[in-house]
Amino acid sequence: MAGYRVRVWFDADGLGVGEPARDNGVLELPVIPQPGMELADDEGRVATIRRVVLLASPDPDGAVAVLVCAPG
């Protein structure tokens with residue numbers, strides 16, 4: 001089954017607050033997630049997808065979208 005490569009950014013203190021989001025790398029998922037869906041970060045903590053940005057062309061790692069996630 002083919003999937004979509006998406007780049008994940010995690011903002012530990014919430015969008016627009018304090019420190020900038022950090023790049024958690026690229027995942028391959030069966031669908032492109034939507035805002036409000038949950039995803040576990042690389043440390044096993046659950047985060048909520050806050051923004052989904054579709055890219056006009058794949059990035060160098062083959063990602064076709066960027067997900068911005070925040071706790072809870």
Side-chain angles (χ1 to χ4, degrees):
M1 177 170 89
Y4 297 97
R5 292 178 61 85
V6 294
R7 180 164 301 281
V8 178
W9 284 79
F10 183 73
D11 195 346
D13 54 6
L15 296 181
V17 177
E19 298 296 316
R22 72 179 194 283
D23 187 347
N24 272 15
V26 175
L27 294 175
E28 187 164 327
L29 300 172
V31 298
I32 295 177
Q34 299 298 311
M37 294 175 81
E38 292 181 338
L39 185 71
D41 73 0
D42 56 350
E43 296 171 0
R45 295 176 301 192
V46 175
T48 302
I49 298 169
R50 301 293 184 193
R51 293 192 179 131
V52 177
V53 179
L54 299 177
L55 303 175
S57 60
D59 76 1
D61 295 322
V64 297
V66 176
L67 308 178
V68 181
C69 302

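Residues Leu54 and Val8 share a hydrophobic cluster, clusters being chains of Ile/Leu/Val/Met/Phe/Trp/Tyr side chains in contact below 4.5 Å. Hydrophobic clustering places Val52 together with Met37 (ILVMFWY residues linked when any side-chain heavy atoms are closer than 4.5 Å, directly or through intermediates).
For the side-chain contact (heavy atoms from CB on, under 4.5 Å) test with Leu39, the passing option among Thr48, Val46, Leu27, Val6 is Leu27; the others fail.
Across Ile49 and Pro33, no two heavy atoms sit closer than the pair CD1-CB, 3.3 Å.
Residue pairs that meet the side chain to side chain donor-acceptor pair (under 3.5 Å) test with at least one member in residues 62-72, sequence neighbours left out, do not exist here.
For the pair Tyr4/Leu29, no side-chain contact is recorded, criterion being any heavy-atom separation below 4.5 Å from C-beta on.
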With a cut-off of 3.5 Å and sequence neighbours excluded, list every side-chain donor-acceptor pair involving residues 59-72.
| from | atom 1 | to | atom 2 | distance (Å) |
| --- | --- | --- | --- | --- |
| Asp59 | OD1 | Asp61 | N | 2.9 |
| Asp59 | OD1 | Gly62 | N | 3.0 |
| Asp59 | OD1 | Ala63 | N | 2.9 |
| Asp59 | OD2 | Arg7 | NE | 3.1 |
| Asp59 | OD2 | Arg7 | NH2 | 3.2 |
| Asp61 | OD2 | Arg7 | NH2 | 2.3 |

